[in-house]
Amino acid sequence: MDSFIAIDFETSNYKRTSICSVGMVFVENKKIVDKHYALIKPKPNFYIPEFVDIHGINYWDTLNKDTFDVFWKSILPRIGNLPFVAHNRSFDFSCLKAVIEAYNLPPFENDFHCSLIQSRKLVPKLENHKLPTVAKHFGYHLENHHNAIADAEACAIISINLF
(Lines give C-alpha, C1' and ligand atoms only; values in the text may rest on other atoms or scores of the structure.)
Protein backbone atom coordinates (compact mmCIF):
# COMPACT_ATOMS: atom_id res chain seq x y z
CA MET A 1 0.00 0.00 0.00
CA ASP A 2 1.86 3.04 -1.29
CA SER A 3 -0.81 5.73 -0.94
CA PHE A 4 -3.16 6.16 2.02
CA ILE A 5 -4.34 8.50 4.76
CA ALA A 6 -3.18 7.94 8.32
CA ILE A 7 -5.90 9.21 10.65
CA ASP A 8 -6.31 9.80 14.36
CA PHE A 9 -9.24 11.05 16.41
CA GLU A 10 -9.39 12.46 19.91
CA THR A 11 -12.69 12.47 21.77
CA SER A 12 -14.11 14.70 24.49
CA ASN A 13 -15.94 12.01 26.42
CA TYR A 14 -16.84 8.30 26.30
CA LYS A 15 -19.25 8.72 23.37
CA ARG A 16 -17.68 7.65 20.08
CA THR A 17 -19.45 10.59 18.41
CA SER A 18 -17.57 13.08 20.58
CA ILE A 19 -14.68 13.64 18.17
CA CYS A 20 -13.02 16.90 19.20
CA SER A 21 -9.96 16.76 16.94
CA VAL A 22 -8.80 14.94 13.86
CA GLY A 23 -5.37 14.53 12.35
CA MET A 24 -4.91 13.29 8.80
CA VAL A 25 -1.59 12.61 7.11
CA PHE A 26 -1.70 12.02 3.37
CA VAL A 27 0.84 9.59 1.96
CA GLU A 28 1.55 9.15 -1.76
CA ASN A 29 4.11 6.67 -3.04
CA LYS A 30 5.27 6.06 0.54
CA LYS A 31 6.02 9.75 1.14
CA ILE A 32 4.13 12.19 3.36
CA VAL A 33 2.75 14.85 1.03
CA ASP A 34 0.19 16.69 3.17
CA LYS A 35 -1.13 17.03 6.71
CA HIS A 36 -4.49 18.27 7.93
CA TYR A 37 -5.51 19.01 11.52
CA ALA A 38 -8.87 20.28 12.72
CA LEU A 39 -10.58 20.95 16.00
CA ILE A 40 -14.19 19.74 15.90
CA LYS A 41 -17.17 20.73 18.02
CA PRO A 42 -18.06 17.34 19.54
CA LYS A 43 -21.44 15.64 19.71
CA PRO A 44 -22.48 15.66 22.51
CA ASN A 45 -20.63 18.84 23.37
CA PHE A 46 -19.19 18.16 26.80
CA TYR A 47 -15.74 17.28 28.08
CA ILE A 48 -14.69 14.87 30.80
CA PRO A 49 -11.71 16.22 32.79
CA GLU A 50 -9.66 13.03 32.39
CA PHE A 51 -9.99 13.32 28.59
CA VAL A 52 -8.88 16.96 28.72
CA ASP A 53 -5.90 15.85 30.81
CA ILE A 54 -4.94 13.37 28.07
CA HIS A 55 -5.16 15.58 24.98
CA GLY A 56 -5.37 19.13 26.36
CA ILE A 57 -8.45 20.15 24.34
CA ASN A 58 -11.34 21.70 26.25
CA TYR A 59 -14.86 23.02 25.69
CA TRP A 60 -13.69 26.56 24.89
CA ASP A 61 -11.23 25.32 22.28
CA THR A 62 -14.00 23.79 20.16
CA LEU A 63 -17.04 25.89 21.05
CA ASN A 64 -17.01 27.83 17.77
CA LYS A 65 -15.49 25.12 15.56
CA ASP A 66 -17.29 23.20 12.83
CA THR A 67 -19.23 20.09 13.71
CA PHE A 68 -18.02 16.85 12.18
CA ASP A 69 -20.51 16.87 9.31
CA VAL A 70 -19.25 20.26 8.09
CA PHE A 71 -15.62 19.17 8.42
CA TRP A 72 -16.27 15.83 6.69
CA LYS A 73 -18.05 17.38 3.70
CA SER A 74 -15.14 19.79 3.24
CA ILE A 75 -12.41 17.11 3.36
CA LEU A 76 -14.21 14.32 1.51
CA PRO A 77 -13.08 15.42 -1.98
CA ARG A 78 -9.45 15.25 -0.77
CA ILE A 79 -10.01 11.74 0.62
CA GLY A 80 -11.40 10.25 -2.57
CA ASN A 81 -11.01 6.48 -2.52
CA LEU A 82 -7.75 6.42 -0.54
CA PRO A 83 -7.57 3.80 2.20
CA PHE A 84 -7.27 4.86 5.82
CA VAL A 85 -4.85 3.54 8.41
CA ALA A 86 -5.08 4.06 12.15
CA HIS A 87 -3.05 2.72 15.04
CA ASN A 88 -5.84 0.84 16.79
CA ARG A 89 -8.37 0.80 13.99
CA SER A 90 -11.08 -0.50 16.32
CA PHE A 91 -11.22 2.85 18.13
CA ASP A 92 -10.86 5.22 15.19
CA PHE A 93 -13.14 3.28 12.86
CA SER A 94 -15.81 3.02 15.55
CA CYS A 95 -15.63 6.80 16.05
CA LEU A 96 -15.90 7.43 12.32
CA LYS A 97 -18.80 5.03 11.94
CA ALA A 98 -20.64 6.49 14.95
CA VAL A 99 -20.27 10.11 13.88
CA ILE A 100 -21.25 9.33 10.28
CA GLU A 101 -24.42 7.68 11.59
CA ALA A 102 -25.07 10.52 14.06
CA TYR A 103 -25.00 13.11 11.27
CA ASN A 104 -26.74 10.85 8.75
CA LEU A 105 -23.81 11.06 6.31
CA PRO A 106 -23.22 8.54 3.51
CA PRO A 107 -21.43 5.41 4.76
CA PHE A 108 -17.64 5.33 4.58
CA GLU A 109 -16.68 2.56 2.18
CA ASN A 110 -12.91 3.03 1.77
CA ASP A 111 -10.61 0.33 3.11
CA PHE A 112 -9.51 0.94 6.69
CA HIS A 113 -6.33 -0.76 7.95
CA CYS A 114 -4.69 -1.09 11.34
CA SER A 115 -1.01 -0.38 11.97
CA LEU A 116 -1.33 -1.85 15.47
CA ILE A 117 -2.38 -5.26 14.14
CA GLN A 118 0.24 -5.06 11.38
CA SER A 119 2.99 -4.21 13.87
CA ARG A 120 2.04 -7.16 16.08
CA LYS A 121 2.37 -9.44 13.04
CA LEU A 122 5.57 -8.04 11.54
CA VAL A 123 7.55 -6.84 14.59
CA PRO A 124 6.31 -9.18 17.31
CA LYS A 125 9.34 -8.87 19.60
CA LEU A 126 8.80 -5.24 20.55
CA GLU A 127 8.38 -4.51 24.25
CA ASN A 128 4.79 -3.47 23.45
CA HIS A 129 2.90 -2.23 20.41
CA LYS A 130 1.80 1.16 21.69
CA LEU A 131 2.05 3.97 19.17
CA PRO A 132 5.17 5.66 20.68
CA THR A 133 7.00 2.33 20.95
CA VAL A 134 6.33 1.22 17.38
CA ALA A 135 7.05 4.70 16.02
CA LYS A 136 10.40 4.75 17.87
CA HIS A 137 11.24 1.35 16.37
CA PHE A 138 10.96 2.98 12.93
CA GLY A 139 13.03 6.01 13.92
CA TYR A 140 10.22 8.44 14.70
CA HIS A 141 10.18 10.11 18.13
CA LEU A 142 6.57 10.92 19.03
CA GLU A 143 6.87 14.07 21.14
CA ASN A 144 3.22 15.09 21.44
CA HIS A 145 1.32 11.82 21.98
CA HIS A 146 -2.49 12.30 21.98
CA ASN A 147 -2.27 15.26 19.66
CA ALA A 148 -4.24 13.99 16.66
CA ILE A 149 -1.82 15.23 14.00
CA ALA A 150 1.26 13.97 15.85
CA ASP A 151 -0.36 10.56 16.33
CA ALA A 152 -1.47 10.44 12.68
CA GLU A 153 2.07 11.27 11.55
CA ALA A 154 3.50 8.52 13.75
CA CYS A 155 0.94 6.12 12.27
CA ALA A 156 1.94 7.22 8.76
CA ILE A 157 5.63 6.53 9.44
CA ILE A 158 4.80 3.11 10.89
CA SER A 159 2.51 2.29 7.97
CA ILE A 160 5.04 3.37 5.34
CA ASN A 161 7.35 0.75 6.86
CA LEU A 162 4.82 -2.04 7.45
CA PHE A 163 2.43 -2.02 4.49
Side-chain angles (χ1 to χ4, degrees), residues 1 3-48 50-100 102-103 105 108 110-116 130-132 134-136 138-161 163:
M1 183 170 62
S3 298
F4 58 89
I5 301 167
I7 191 163
D8 184 74
F9 295 121
E10 299 298 328
T11 56
S12 65
N13 58 63
Y14 289 105
K15 300 282 188 185
R16 294 290 197 226
T17 57
S18 72
I19 294 169
C20 62
S21 72
V22 58
M24 301 173 81
V25 175
F26 294 80
V27 174
E28 292 177 10
N29 299 317
K30 295 200 175 272
K31 294 198 183 329
I32 294 173
V33 296
D34 196 13
K35 299 176 191 178
H36 187 80
Y37 176 77
L39 291 172
I40 306 289
K41 185 176 183 178
K43 183 177 186 170
N45 190 17
F46 70 91
Y47 284 76
I48 293 177
E50 63 201 66
F51 284 60
V52 174
D53 290 344
I54 290 169
H55 52 59
I57 302 166
N58 65 51
Y59 176 84
W60 302 107
D61 294 327
T62 60
L63 181 61
N64 296 314
K65 299 300 180 185
D66 288 336
T67 54
F68 185 84
D69 57 327
V70 174
F71 162 77
W72 190 246
K73 289 173 187 173
S74 73
I75 198 75
L76 208 50
R78 177 71 175 96
I79 293 169
N81 63 358
L82 286 169
F84 277 15
V85 181
H87 200 77
N88 190 11
R89 174 194 184 274
S90 64
F91 173 77
D92 295 284
F93 184 71
S94 67
C95 289
L96 181 59
K97 184 178 176 185
V99 78
I100 282 173
Y103 285 105
L105 298 168
F108 184 72
N110 299 29
D111 289 340
F112 203 126
H113 303 276
C114 184
S115 61
L116 173 61
K130 295 177 181 177
L131 184 63
V134 182
K136 184 178 179 183
F138 290 110
Y140 182 82
H141 180 67
L142 179 56
E143 293 183 22
N144 199 4
H145 189 26
H146 296 297
N147 171 282
I149 196 65
D151 287 358
E153 185 171 20
C155 177
I157 297 297
I158 292 165
S159 298
I160 286 167
N161 285 279
F163 288 94

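- Within a 6.0 Å sphere centred on NZ of K30, other residues, nucleotides and ligands contribute more than 12 heavy atoms.
- In terms of heavy atoms, Y59 sits closest to N45 at CE1-ND2, 3.4 Å.
- Two residues are said to be in side-chain contact when any heavy atoms from C-beta on lie closer than 4.5 Å; M1 and V85 meet this criterion.
- Legend: salt bridge (charged side-chain N to carboxylate O under 4.0 Å, His left out) pairs involving residues 88-99, not counting sequence neighbours: none detected.
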One pair to check against side-chain contact (heavy atoms from CB on, under 4.5 Å): Y14 and E50. What are the steps and the verdict?
CA-CA 11 Å; Y14 289 105; E50 63 201 66; 2.5 Å; yes
Verify side-chain contact (heavy atoms from CB on, under 4.5 Å) between F4 and H113, making sure each step is shown before the conclusion.
CA-CA 10 Å; F4 58 89; H113 303 276; over 6 Å; no
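- Considering all non-hydrogen atoms of both residues, A148 and Y37 come closest at CB-CE1, 4.0 Å.
- Residue F108 comes nearest to D111 through the heavy atom pair CE2-O, 4.5 Å, listed as atom of the first residue, atom of the second, then distance.
- For H146 (side chain) and E10 (main-chain N/O), no donor-acceptor pair under 3.5 Å exists by modelled atom type.
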Where do R16 and F9 land on the side-chain contact (heavy atoms from CB on, under 4.5 Å) test, with the steps shown first?
CA-CA 10 Å; R16 294 290 197 226; F9 295 121; over 6 Å; no
Begin from the C-alpha positions of H145 and D151 and carry the test side-chain contact (heavy atoms from CB on, under 4.5 Å) through to its verdict.
CA-CA 6 Å; H145 189 26; D151 287 358; 3.0 Å; yes
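- For the pair P42 and T11, the minimum side-chain heavy-atom distance is 4.5 Å or more.
- In this structure, SG on C114 lies 13.0 Å from CZ on F91, to the nearest 0.5 angstrom.
- Atom-to-atom distance recorded for I160:CD1 and I32:CD1 is 5.0 Å, nearest 0.5 angstrom.
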Side-chain polar contacts of residues 63-80 - donor-acceptor pairs under 3.5 angstrom, sequence neighbours left out - could you list them?
residue : atom : partner : partner atom : Å
T67     : OG1  : D69     : OD1          : 2.4
S74     : OG   : F71     : O            : 2.6

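- Between atom CG of residue L96 and atom OG1 of residue T17 there is a gap of 12.5 Å, rounded to the nearest 0.5 Å.
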Considering only distance and modelled atom types, tabulate donor-acceptor pairs under 3.5 Å from the side chains of residues 18-27, sequence neighbours left out.
residue : atom : partner : partner atom : Å
S18     : OG   : S12     : N            : 3.3
S18     : OG   : N13     : N            : 3.2
S18     : OG   : N13     : O            : 3.2
S18     : OG   : N13     : OD1          : 3.3
S18     : OG   : K15     : O            : 2.7

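- Atoms CD1 and OH, from I157 and Y140 in turn, are 7.0 Å apart once rounded to the nearest 0.5 Å.
- Once rounded to the nearest 0.5 Å, the distance linking CG of L142 with SG of C155 reads 11.0 Å.
- Rounded to the nearest 0.5 Å, atoms NZ (K31) and CG (N29) are 8.0 Å apart.
- Annotation for A154 and A135: closest pair CB-CB, 4.0 Å, computed over non-hydrogen atoms.
- Taking all atoms of both residues into account, the shortest heavy-atom contact from N58 to W60 is OD1-N, 2.8 Å.
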